[in-house]
Amino acid sequence: MSKNNDEQFKNVISHAKEYGFVFPSSEIYDGLSAVYDYGQLGTELKNNIKTYWWKAMVQLNDNIVGIDSAIFMHPKIWKASGHVDGFNDPMIDNKDSKKRYRADQLIEDKIARFEKDGKTEKAKTLQSELDSALEADDLPRLKTLIEEYEIVCPISGTRNWTEVRQFNLMFSTQMGAMADGSDEVYLRPETAQGIFVNFLNVQKSGRMKIPFGIAQIGKAFRNEVIARQFIMRMREFEQMEMQFFVRPGTELEWYEKWKALRLKWHLALKPEASKYRYHDHVKLAHYANAAVDIEYEFPFGFKEVEGIHSRTDFDLSQHQKFSGKKMQYFDNEINQSYVPFVIETSIGLDRMFLTALCNAYEEQDLSTEDKQDSRRVLHLHPALAPIKAAILPLTKKDGLPEKAHEIVNALRLDFNIQYDEKDSIGKRYRRQDAIGTPLCITIDHQSLEDDTVTIRHRDSMEQERVAIAQLPQMVQAIAGWKGLLQELL
RNA sequence: GCGGAAGUAGCUCAAUUGGUAGAGCGAUAGCCUUCCAAGCUAUAGGUUGCGGGUUCGAGACCCGUCUUCCGCUCCA
């Protein structure tokens, strides 16, 4: 990260805290690592991002519906999805090279070497010992195996190992009031499985015909090896996911289609287009046959904001196997039943929030020859802005506040409005700039005579005189959803 | 988890070799009334991250701990 970008990112974080967008969790108790709270304005922005996504997915597509599944799910679901076996890795560190390895893989490598050297007996023995240790979750045994077979670090060549520790991706807790004898359940590490296990419910109750999609916004939880970069990687985070069910053989067409549609969704917010790019996955997850990330160029580099995966029929087939229920669809057009294939679009809400914030934040130099001047402004898309308009009486006497309150009352039925009469008008404009309010409506003495006000625009700082009666339509046109959603059609 | 750096007011930062914790911005109340910040007056806000130690005396020195940032690794 360059010095400049480093500065810039720090400023974004302070700005987010200073104006009530994001606070570190449990701050008065010294904080909780990799957990953050959304403040009064952050919550508005976050809700607006959710609304934009939900409308784009559910409202604009007649073959996509939304659900809200529970965070707790049957533990078997995570067996079926592969999370229990795939993300409970025994980890070991070499103290000299400072490298971390999966203990089982180190032993596997040793077995492979035995076989290569023709020592098949030794290979077999070690393999069975490894299997029984893994079966029993016997971590100390893994350590002794590594010691007994004199396995060295490929980098440092030493045998200076730490203890073997279990890395658990999933958080677990107890279901039921009694701690003993109750079942262990997990906090979901992704929302997708809540969609898959409701596939039949939604398909049947909604009379859905393939192709169709199920959308969901919700919290998910992951223990990360390391959490970093502000709200980029959090232990508790929120996902906006859509699983689109298609006929086998057509999945790659749909994959291409959703890939294009999702980028369009991002670009409709009018960010700097050059800060977005696709990043194809070379190494695919076990369940996917195509995958791409939509990346945004943060101050600390290009990072994934959203992923589009062609998940094949892996998830539904797994649930069919583990639950014993037929996860199939009868397709009238081709007169046959099949397990649908799935295209997933999965966007991290918190990352999207950070994208919007980084993209919007600007320290603007407004200096002229006579006067030094600057402002900090959030160029948020008006539809995402927490506050749509500020109502500002030019002075706080002569009946201007009363007139202003009339306007507040007329607009607040439709929009988030702020009223402010403190300090000079210029200062109030700058305060609104800092939180991204697109419109400032100023009431002056003329307003009392002819029912007009000035509207001051955030980005251009230009003003225009309009009739009070025009305000609802004007705010609607600028900050409403319609204009933004039209970009997607 | 390892290595490096850092934690002082809401934000950005000061505080000689250890000697009374401060400034700017911001906030609040009032004045001013003026369509683009930094005008005037007053006020609030701190157990210097936390715990221990050395010392007559610690924001500073030592130990521990927590948190954050930067690199290595993974992910949405």
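To find a chain, count down the sequence lines: A is the first, B the second, and so on, and within it residues start at 1.
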Among [options], which is the nearest nucleotide to the side chain of [X]?
{"X": "R222(A)", "options": "rC36(B), rC69(B), rA76(B)", "value": "rA76(B)"}
{"X": "T395(A)", "options": "rC36(B), rU33(B), rA76(B)", "value": "rU33(B)"}
{"X": "R456(A)", "options": "rU33(B), rA38(B), rC36(B)", "value": "rC36(B)"}
{"X": "E304(A)", "options": "rC36(B), rA76(B), rC74(B)", "value": "rA76(B)"}
{"X": "D373(A)", "options": "rA37(B), rG10(B), rC36(B)", "value": "rA37(B)"}

Stretch [range]: residues that reach within less than 4.0 Å of RNA chain B through a heavy atom:
{"range": "residues 374-384 of chain A", "value": "S374(A)"}
{"range": "residues 345-366 of chain A", "value": "S346(A), R351(A)"}
{"range": "residues 189-197 of chain A", "value": "none"}

Identify the pairs formed between an N or O of the protein and an N or O of nucleotides 23-31 of chain B at a distance under 3.5 Å, and give each distance.
unit_1  : atom_1 : unit_2  : atom_2 : d
rA27(B) : OP1    : R431(A) : NH1    : 2.9

### Task
For residues 423-446 of chain A, pull every pair meeting ring pair (Phe, Tyr, Trp, His ring centres under 6.0 Å), keeping only residues two or more places apart or in separate chains.
none

### Task
Keeping to residues at least two apart or across chains, list the ring pair (Phe, Tyr, Trp, His ring centres under 6.0 Å) pairs with something in residues 343-362 of chain A.
H15(A)-Y361(A), Y38(A)-F353(A)

### Message
Can you list everything that forms a side chain to side chain contact (heavy atoms under 4.5 Å, CB included) with L261(A)? Sequence neighbours excluded, please.
### Response
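Side chain to side chain contact (heavy atoms under 4.5 Å, CB included) list for L261(A), sorted by chain: K257(A), W258(A).
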
### Summary
Dot-bracket assigned to RNA chain B with the 3.5 Å Watson-Crick/G-U criterion, [ ] for crossing and | for other-strand pairs, is (((((((..((((.....[..)))).(((((.......))))).....(((((..]....))))))))))))....

#### Entry: Spacing of the C1' atoms in rA21(B) and rU16(B) (rounded, Å)
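About 15 Å, rounded to a whole number of Å.
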
### Interatomic spacing from OG1 in T437(A) to CZ in R431(A) - rounded to 0.5 Å
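With rounding to 0.5 Å, OG1 (T437(A)) is 11.5 Å from CZ (R431(A)).
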
### Query
Think K10(A) has a side-chain N or O under 4.0 angstrom from the OP1 or OP2 of rC69(B)?
no

### Message
So, OP1 or OP2 of rU12(B): does either fall under 4.0 Å of a side-chain N or O from S14(A)?
### Response
yes

Holding to ring pair (Phe, Tyr, Trp, His ring centres under 6.0 Å), I want the full list of residues that pass it with [X], two or more places apart in sequence or in another chain.
{"X": "Y276(A)", "answer": "H266(A), Y296(A)"}
{"X": "H281(A)", "answer": "H309(A)"}
{"X": "Y278(A)", "answer": "none"}

Short heteroatom pairs, N/O only, protein and nucleotides 47-49 of chain B, under 3.5 Å:
unit_1  : atom_1 : unit_2 : atom_2 : d
rG49(B) : N2     : D30(A) : OD2    : 3.3
rG49(B) : N3     : D30(A) : OD2    : 3.4

